[in-house]
Amino acid sequence: MYNKFKEYDSFNLSGINKEMLDDWTRQGLFGQSIKEREGSPSFVFYEGPPSANGMPGIHHVMARTIKDIFCRYKTMKGFHVKRKAGWDTHGLPVELGVEKNLGITKEDIGKKISVDDYNAACRSEVMKYTREWETLTDRMGYWVDMNDPYITYDNRYIESVWWLLRQLYDKGYLYKGYTIQPYSPAAGTGLSSHELNQPGCYRDVKDTTCIAQFKIIDAPENLQGWGEPYFLAWTTTPWTLPSNTALAVGPSIRYDIIRTFNPYSGEKVTVVCADALVGSVLNPKGAGQPLDSYVKGDKVVPYEIVGSCDGNSLVGMRYDQLIKWMNPGEGAFRVIPGDYVTTDDGTGIVHIAGTFGADDLRVSRQNGVPPLTLVDRDGNIRPMVDLTGRFFRIEDIDPEYVKSNVDVEAYRPWAGRYVKNAYDPALAPDAETLDVAICMMLKQQGLAFRIEKHSHSYPHCWRTDKPVLYYPLDSWFIRTTAAREKLMELNGDIKWKPQSTGSGRFGKWLRICRTGICREADTGVRLCLYGALKMAAKSCVSTA
């Protein structure tokens with residue numbers, strides 16, 4: 001029996017692997033497998049390109065093994081299977097790496113380093129680990145044509161994308177919009193919803209919050225007779241208060257008119273707050289206590305509810321600008337209706353800064369309220385915060401705008417301050433935040449009703465690990481609603497594994513999507529864009 005079969009006293013998988021690879025190379029099997037199928041039906045494979053600015057990892061081996069299985073299977077089924085490799089030279093990760101290596105920021109480009117030198121450094125960085133990738137490809141036996149790869153910075157590739165975009169434009173699908181989007185000042189780019197939904201992007205943080213007092217102008221009689229009348233509005237982002245231009249109320253929400261005292265200054269005030277939230281804004285122990293018994297500094301502040309009304313009764317009332325650094329123009333500083341206002345928390349009155357919130361901008365536009373914007377030195381209309389995440393420096397604002405719209409003396413101490421400490425590398429971790437500084441200023445002016453720490457979930461940029469802002473950006477959009485039915489039909493042709501991937505989250509997104517944003521980083525939107533490009537070009541290739 002032992003003479004019939006050869007015995008092995010060891011099983012050297014590594015040696016067998018090397019022996020097999022050498023045999024494949026000697027026979028040129030990859031090339032033969034393609035040549036033998038010439039003239040057969042095509043199965044076109046363009047590899048979803050890796051990035052050669054980083055080392056390959058085990059997850060790349062796993063993904064490429066699956067890709068290889070499909071291509072070999074299709075070859076055995078009689079298809080002519082060309083496999084084209086590619087290199088993803090996507091800009092942002094490369095730029096961030098180059099800037100870190102050179103010790104520069106985006107603002108330094110064209111100043112400390114020329115644009116040409118910067119581009120050259122990026123091109124060098126993006127192909128840094130090409131040899132390591134080619135070695136991995138060979139050693140794992142992955143069959144793909146790396147002699148003529150497509151490269152996303154190559155003009156041929158770029159021009160093909162522009163051609164496809166032109167087809168979308170000719171069909172009326174492409175338009176430019178000005179919307180509030182998640183934006184990362186540290187990375188210098190907007191973020192897609194897909195990026196914000198990545199694990200770990202939302203984190204619990206403890207921020208300084210403020211219930212601010214907005215002084216009512218021409219208050220009706222039921223708000224007079226006890227100190228100054230104010231609307232109370234709560235915010236978790238006090239740095240947006242200088243950009244306030246409106247207050248939103250729920251039309252059907254019940255609001256109380258309350259006589260009490262400012263807990264910091266001890267001054268008499270009459271305040272407006274949602275009835276359902278009075279118990280959380282004011283200490284219930286103070287209800288019904290005589291107002292004349294209060295002494296400044298008492299822990300329990302007495303209050304008396306002297307009237308109530310619904311939100312509709314408050315709409316149209318005007319108030320004084322809270323922080324008078326810049327003038328937004330006519331139509332600001334009034335109460336407007338907001339269909340999203342609730343009594344879940346806060347005061348039932350929402351502070352509106354149309355430059356830093358999607359709902360804020362929407363209700364502002366619906367009610368003719370201008371957002372607070374300025375004009376920079378290049379003539380661009382910008383919010384009060386620049387793209388690096390700080391209040392605009394005075395020298396970066398158009399001089400004519402400064403002359404007619406800015407209280408320079410009041411604004412100067414705040415100009416150039418970052419809205420989040422994480423954006424300023426010069427600040428110590430325990431440095432005072434802008435939120436705290438603004439709250440303290442309002443407290444000194446008698447315009448802060450409550451200042452406290454509040455824990456809440458806040459999104460962070462997955463690339464830089466720093467908090468994002470909701471920021472107004474010019475962006476190009478694809479009008480997917482114009483082809484939604486066709487997109488849903490094409491989605492049904494895709495063999496999703498598992499099927500729930502296509503019929504679940506992505507399928508539901510297609511059914512309800514209103515607008516597809518052209519962002520490569522968003523997988524869901526990219527697939528939606530891919531479907532739109534497919535219709536535009538009347539053809540497509542299989543991708544993996």
Side-chain angles (χ1 to χ4, degrees), residues 42 44-53 82-96 98 106 109-110 115-116 118-127 145-146 148-179 181 183 187-195 378 380 387 473-484 486-487 490-491 494 510 513-544:
S42 291
V44 182
F45 176 83
Y46 276 64
E47 184 179 23
S51 303
N53 66 312
K82 288 188 175 181
R83 292 94 140 168
K84 195 173 185 68
W87 296 114
D88 188 353
T89 56
H90 51 232
L92 190 59
V94 178
E95 292 172 17
L96 295 176
V98 168
K106 287 282 190 298
I109 301 170
V115 174
D116 288 343
Y118 178 75
N119 285 340
C122 287
R123 282 176 176 265
S124 174
E125 178 72 17
V126 79
M127 305 303 281
D145 180 12
M146 301 197 72
D148 184 30
Y150 71 94
I151 304 174
T152 58
Y153 70 54
D154 185 274
N155 281 342
R156 292 171 297 173
Y157 179 89
I158 295 170
E159 287 170 5
S160 68
V161 176
W162 277 111
W163 181 86
L164 290 169
L165 287 172
R166 175 57 188 264
Q167 311 312 305
L168 291 167
Y169 175 79
D170 288 344
K171 292 176 181 292
Y173 292 166
L174 197 65
Y175 70 96
K176 193 174 186 180
Y178 183 76
T179 59
Q181 298 177 37
Y183 172 76
T189 184
L191 302 178
S192 67
S193 58
H194 173 75
E195 290 173 291
D378 296 323
N380 300 307
L387 290 167
L473 297 172
D474 287 332
S475 303
W476 286 97
F477 295 87
I478 293 174
R479 202 183 309 278
T480 55
T481 49
R484 180 166 52 189
K486 187 65 175 177
L487 289 169
L490 291 171
N491 184 49
I494 298 173
L510 282 178
C513 71
R514 296 182 178 179
T515 305
I517 304 175
C518 178
R519 282 195 52 75
E520 184 184 3
D522 192 329
T523 304
V525 172
R526 181 174 61 187
L527 289 170
C528 187
L529 172 59
Y530 175 62
L533 292 175
K534 178 177 178 180
M535 288 187 294
K538 302 296 184 185
S539 65
C540 70
V541 296
S542 297
T543 62

In chain order, what residues pass the salt bridge (charged side-chain N to carboxylate O under 4.0 Å, His left out) check against [X], with sequence neighbours excluded?
| X | result |
| --- | --- |
| Glu125 | none |
| Arg166 | Asp170 |
| Lys84 | Asp148 |
| Asp474 | none |

Check: Please walk me through it: do Tyr169 and Gln167 pass side chain to side chain contact (heavy atoms under 4.5 Å, CB included)?
Finding: CA-CA 5 Å; Tyr169 175 79; Gln167 311 312 305; over 6 Å; no
Item checked: Side chain to side chain, Arg123 and Tyr118, heavy atoms closer than 4.5 Å -> no
Would you compute the distance between atom [atom1] of [X] and atom [atom2] of [Y] and round it to the nearest 0.5 angstrom?
| X | Y | atom1 | atom2 | result |
| --- | --- | --- | --- | --- |
| Met146 | Glu47 | CE | CD | 7.5 Å |
| Lys106 | Leu96 | NZ | CG | 5.5 Å |
| Met127 | Ser51 | CE | OG | 10.0 Å |
| Ile478 | Leu168 | CD1 | CG | 5.0 Å |
| Thr189 | Glu95 | OG1 | CD | 9.0 Å |

Next item on the list: State, to 0.1 Å, how close Tyr173 and Ala483 come at their nearest heavy-atom pair, and which atoms those are.
Entry: OH-CB, 3.8 Å
Margin query: Can you give me the closest heavy-atom contact between Leu473 and Leu387, atom names plus distance?
Written below: CD2-CD2, 4.4 Å
Next item on the list: Start with the C-alpha distance between Trp87 and Thr152, add both sets of side-chain angles, then the distance that settles side chain to side chain contact (heavy atoms under 4.5 Å, CB included), and finish with yes or no.
Entry: CA-CA 7 Å; Trp87 296 114; Thr152 58; over 6 Å; no
Note to self: As a quick check of understanding, evaluate side chain to side chain contact (heavy atoms under 4.5 Å, CB included) for Arg479 and Lys171, giving each step before the final call.
What the structure shows: CA-CA 10 Å; Arg479 202 183 309 278; Lys171 292 176 181 292; over 6 Å; no
[X]: which residues meet the side-chain hydrogen bond (donor to acceptor under 3.5 Å, both in side chains) condition with it, sequence neighbours left out?
| X | answer |
| --- | --- |
| Tyr183 | none |
| Thr179 | Gln181 |
| Asn491 | Trp496 |
| Asp145 | none |

Margin query: With side chain to side chain contact (heavy atoms under 4.5 Å, CB included) as the criterion, how do Lys82 and Phe45 come out once you've worked through the C-alpha distance, each side chain's angles and the decisive distance to 0.1 Å?
Written below: CA-CA 6 Å; Lys82 288 188 175 181; Phe45 176 83; over 6 Å; no
Margin query: I'd like to know if the side chain of Glu195 and the backbone of Ser192 have a donor-acceptor N/O pair within less than 3.5 Å.
Written below: yes
Residues forming a side-chain contact (heavy atoms from CB on, under 4.5 Å) with [X], sequence neighbours excluded:
| X | answer |
| --- | --- |
| Ser124 | none |
| Asp378 | Asp376, Asn380 |
| Val126 | Thr89, Val94, Tyr153 |

Notebook entry, point to check: Which residues satisfy the ring pair (Phe, Tyr, Trp, His ring centres under 6.0 Å) test with Tyr150, sequence neighbours excluded?
Noted result: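 Tyr46, Tyr157.
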